[in-house]
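Below is one structure, written out as structure tokens, with a few remarks after it.
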Amino acid sequence: MSKLNALPACPLWLYKLLPFLRWWPMVDRTTTRADLTAGLTGALIVLPQGVAFATIAGLPPEYGLYAAMVPAVIAALFGSSWHLVSGPTTAISIAVFASVSPFAEPGSQHFIGMVLTLTFFTGVFQLILGLARMGALVNFISHTVVIGFTAGAAMLIAGSQIRNFFGVDIPRGTPFFDTLKLFALHIDNINPYVASVAALTLLSGILVKKFIPKLPYMIVAMIIGSLAALLLNDFFGGLAQTGIKTIGALPAHLPPFSHPDFSLDAIRHMIFPALVVTMLALTEAVSIARSVAVKSEQRIDGNQEFIGQGLSNFIGSFFSGYASSGSFNRSGVNYASGAKTPLAAVFASIFLLVVLLLVAPLAAYLPNAAMAGLLFLVAWGLIDFHHIIAIAKASRAESVILWVTLIGTLINLEKGIFFGILLSLMFYLYRTSRPQVQAVVPDPEPDSYHYIDAAGHPECPQLKMVRINGSIFFGAVDHVQQSLHEIGEHDPQQKHVLIVASGVNFIDIAGAEMLAQEARRREKIGGGLYFYRIKESVCGTLRKGPYIRDVGDENIFPTKSRPIETIYTRLDVAICRNCRARIFKECQTALPDGSPRA
């Protein structure tokens with residue numbers, strides 16, 4: 001970093017326009033060597049993943065590799081993270097398939113054109129959000145929604161591969177629950193040769209991942225599955241007898257230029273799904289970038305990450321790349337492999353192209369059943385059983401959100417995640433609209449300024465003390481007002497109310513108006529409304545409007561003051577004379593008017 005600081009600084013606008021200028025001075029022989037090593041590792045990892053993800057998305061296998069080339073380079077140069085690697089991901093792939101398959105036959109030119117349209121608009125929306133500095137939007141997608149959506153997407157992946165795993169005749173693109181129904185009807189027609197290859201691939205992937213974690217389990221499993229298919233075809237009469245179909249040779253060339261389908265029909269169908277993919281992709285990218293940044297101690301700029309992801313999808317749509325986002329596996333491996341700068345992602349794309357040129361013909365030996373076995377393994381790994389169980393134990397509301405999102409995703413992927421987000425926001429608003437109004441009494445400890453829970457302690461018959469924990473905004477006004485009114489209904493003598501306001505972080509106009517109204521009401525009945533430890537920002541809202549006239553500056557008591565000393569003098573002497581609670585030290589020796597107790 002000292003080398004970076006030694007160079008002349010660029011204008012701030014230039015850093016924003018070309019963010020790679022921030023880290024470019026760090027590049028030297030040492031960092032380049034480390035980035036080359038990390039790039040080669042990343043290229044080997046994305047090769048089987050790219051093919052698998054393209055299969056999930058309903059695209060020809062090579063499109064998964066195209067999505068890991070140009071988009072990855074653009075995202076690395078224009079994003080803020082030094083270790084985030086973009087490319088095809090599982091969740092985005094299943095979202096692409098679910099969004100486009102109802103309108104076009106998967107794998108067809110029409111399908112590919114609409115996928116590129118979806119990618120183009122995803123990039124446009126991401127760019128708009130980034131330029132508008134709306135990076136905080138991803139914070140409104142709760143962790144529970146992401147877990148539910150990911151689990152639902154995993155089940156959709158497994159459902160889409162049932163036909164290839166078992167060799168049964170189920171039309172491509174069949175909805176999840178219809179797929180299960182058709183599989184149950186065709187269970188007697190399972191192809192044992194196809195199922196054997198898929199099961200062997202799945203089993204070998206599980207064993208390698210568990211017992212030999214240093215080996216790339218996906219590549220090993222693909223090789224084992226391919227060899228098993230070759231042996232079965234040799235021993236049992238070939239494809240006509242076994243029915244073991246292969247993916248076919250991949251085209252060995254650069255990502256071809258492409259153009260999205262800009263017909264009105266395609267735009268009309270892809271606009272809404274593009275919004276879903278936008279939020280999903282940004283959530284993935286920013287959350288992964290932040291998780292890696294925790295280890296690398298780098299600060300992530302969410303808005304710049306939005307711009308980088310937007311440019312990668314916008315430009316990628318013209319280079320045959322479908323919607324991409326940050327890849328957790330590739331980003332984690334990139335950091336663990338010692339990457340120093342985003343050049344590692346650039347090198348990974350170059351190495352991937354070289355590897356593709358060398359091994360593309362070998363894809364002719366890769367069985368569809370082996371890919372299905374790998375995707376079953378991917379799907380299982382996506383389901384976060386640990387957090388699902390934890391959510392079920394911790395919160396009934398969060399459990400409802402999780403299952404609504406999961407089941408909604410299985411029925412309709414785009415609407416499923418939106419229903420989950422909407423429901424989580426509704427629960428949040430419900431909780432915040434009912435802030436806790438807790439009865440308290442002064443701490444009996446000598447010299448203490450605190451107030452404690454009133455449960456099990458006597459209370460003053462004239463002064464009710466409550467602590468409000470939560471903001472007083474338009475949604476919470478009714479609940480707070482009702483709670484304050486119930487004080488008088490429960491005990492009409494409690495005309496005075498002291499609010500311990502340390503837990504109130506925000507108040508809006510509706511809240512200020514309600515408090516002013518309550519102050520006027522209590523004054524009319526011979527009491528008062530008082531505030532202790534109210535935050536300056538909250539008090540500022542009362543002072544900016546006419547509300548402070550009703551509340552009264554004299555009724556606002558700062559931290560480490562003794563509000564009881566002032567309020568006690570305003571209490572009814574007759575009631576105090578016969579009171580036996582005497583919870584204030586002021587009660588012990590004198591009445592509110594100053595006369596001594598009998």
For Val146 and Thr283: C-alpha separation, side-chain torsions, deciding distance, then whether side chain to side chain contact (heavy atoms under 4.5 Å, CB included) applies. CA-CA 9 Å; Val146 173; Thr283 302; 4.1 Å; yes
I would like to know whether Phe531 and Val551 meet side chain to side chain contact (heavy atoms under 4.5 Å, CB included); could you show each step before the answer? CA-CA 9 Å; Phe531 297 88; Val551 172; 3.5 Å; yes
Evaluate salt bridge (charged side-chain N to carboxylate O under 4.0 Å, His left out) for Arg543 paired with Glu536, printing each intermediate quantity in order. CA-CA 10 Å; Arg543 289 197 172 99; Glu536 187 57 40; 3.8 Å; yes
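Remark: the backbone N or O of His496 is not paired with any side-chain donor or acceptor of Lys464 at under 3.5 angstrom. Using a distance-only test at 3.5 Å, with no hydrogens or angles considered, no donor-acceptor pair links the side chain of Ser395 to the main chain of Ile391. Put simply, the side chain of Asp301 never gets that close to the backbone of Ser80: no donor and acceptor are under 3.5 Å apart. Looking only at distances, a side-chain donor or acceptor of Ser325 sits under 3.5 Å from a matching main-chain atom of Ala281. Of the possible polar contacts, one joining the Asn313 side chain to the Ser324 backbone as a donor-acceptor pair under 3.5 Å is found. In terms of modelled atom types and a separation under 3.5 Å, the side chain of His83 and the main chain of Ala339 share a donor-acceptor contact. A donor-acceptor pair is defined here as one N or O able to donate and one able to accept, closer than 3.5 Å; no such pair exists between the side chain of Glu445 and the backbone of His450. Side-chain atoms of Gln304 come within 3.5 Å of backbone N or O of Phe78 as a donor-acceptor pair. Although no hydrogens or angles enter the test, the distance criterion places no donor-acceptor pair under 3.5 Å between the side chain of Arg467 and the main chain of Ile499. Under a 3.5 Å cut-off, the side chain of Glu398 and the backbone N or O of Ala394 do not form any donor-acceptor pair.
Side chains of Ser86 and Gln309: a donor on one and an acceptor on the other come within 3.5 Å. A donor-acceptor pair shorter than 3.5 Å cannot be found between the side chains of Thr278 and Gln126. Inspection of the Ser448 and Asp443 side chains reveals an N or O donor paired with an N or O acceptor under 3.5 Å. Between the side chains of Asp572 and Gln462, not a single donor N or O lies within less than 3.5 Å of an accepting N or O. Side-chain contact of Gln482 with Glu486: a donor-acceptor pair under 3.5 Å is present, judged by distance alone.
The two residues Ile452 and Pro444 come nearest to each other via the heavy atoms CD1-CD, 3.7 Å. The two atoms that bring Arg570 and Thr566 nearest to each other are NH2-CG2, 3.6 Å, heavy atoms only. Shown here for Pro19 and Leu77, the closest heavy-atom pair between the two residues is CG-O, 3.7 Å. Between Gly326 and Leu84, the closest heavy-atom pair is CA-CD1, 3.8 Å. The two residues Leu118 and Ser99 come nearest to each other via the heavy atoms CD2-CB, 4.4 Å. Residues Ala476 and Thr432 share a closest heavy-atom pair of CB-O, 3.7 Å.
Taking the six-membered ring for Trp, Phe418 and Phe272 have ring centres closer than 6.0 Å. Aromatic pair Trp82/Phe20: centroids not less than 6.0 angstrom apart. A ring-centre distance under 6.0 Å is not found for Phe53 and Tyr322. No close placement of the Phe473 and Phe506 rings is indicated, their centers lying 6.0 Å or farther apart.
Under the 4.5 Å side-chain criterion, counting only non-hydrogen atoms from C-beta, Leu410 is in contact with Phe177. Counting heavy atoms from C-beta on, the side chains of Ser81 and Glu305 come closer than 4.5 Å. Side-chain atoms of Ser502 and Ile534, non-hydrogen and from C-beta on, never get closer than 4.5 Å to each other. Using a 4.5 Å heavy-atom threshold, the side chains of Lys393 and Ser399 count as separate. Side-chain atoms of Leu484 and His479, non-hydrogen and from C-beta on, never get closer than 4.5 Å to each other. Counting only heavy atoms from C-beta outward, the side chains of Phe176 and Ile411 never approach each other to under 4.5 Å. Between Ile556 and Cys539, some side-chain heavy-atom pair lies under the 4.5 Å cut-off. A 4.5 Å side-chain heavy-atom check between Val500 and Val466 finds every atom pair outside the cut-off.
In this structure, CG on Leu275 lies 12.0 Å from CE on Met270, to the nearest 0.5 angstrom. Between Leu498 atom CG and Ile564 atom CD1 the span is 5.5 Å, to the nearest 0.5 Å. Atom CG of residue Asn303 and atom CD1 of residue Ile307 lie 7.0 Å apart, to the nearest 0.5 angstrom. One distance of note links OH of Tyr568 with CG of Leu591; it measures 5.5 Å at 0.5 Å rounding. Interatomic distance, OH of Tyr532 versus CZ of Arg562, reported as 7.5 Å (0.5 Å rounding). Separating the CD1 atom in Ile92 from the OG1 atom in Thr119 is a distance of 10.0 Å, to the nearest 0.5 Å.
By the neighbour-count criterion of 12 heavy atoms within 6.0 Å, atom CD of Glu586 is densely surrounded, having more than that number from other residues, nucleotides or ligands. Other residues, nucleotides and ligands contribute more than 12 heavy atoms inside 6.0 Å of the CZ atom of Arg431.
One finds a salt bridge joining Glu513 and Arg520 here, because a Lys/Arg side-chain nitrogen approaches an Asp/Glu carboxylate oxygen to under 4.0 Å.
Checked options Leu529, Asp550, Val480; the residue passing with Glu518 is Leu529 (criterion: side chain to side chain contact (heavy atoms under 4.5 Å, CB included)).
A cation-pi contact, defined as under 6.0 Å to the ring centre and within 45° of the axis, is absent between Arg533 and Phe557.
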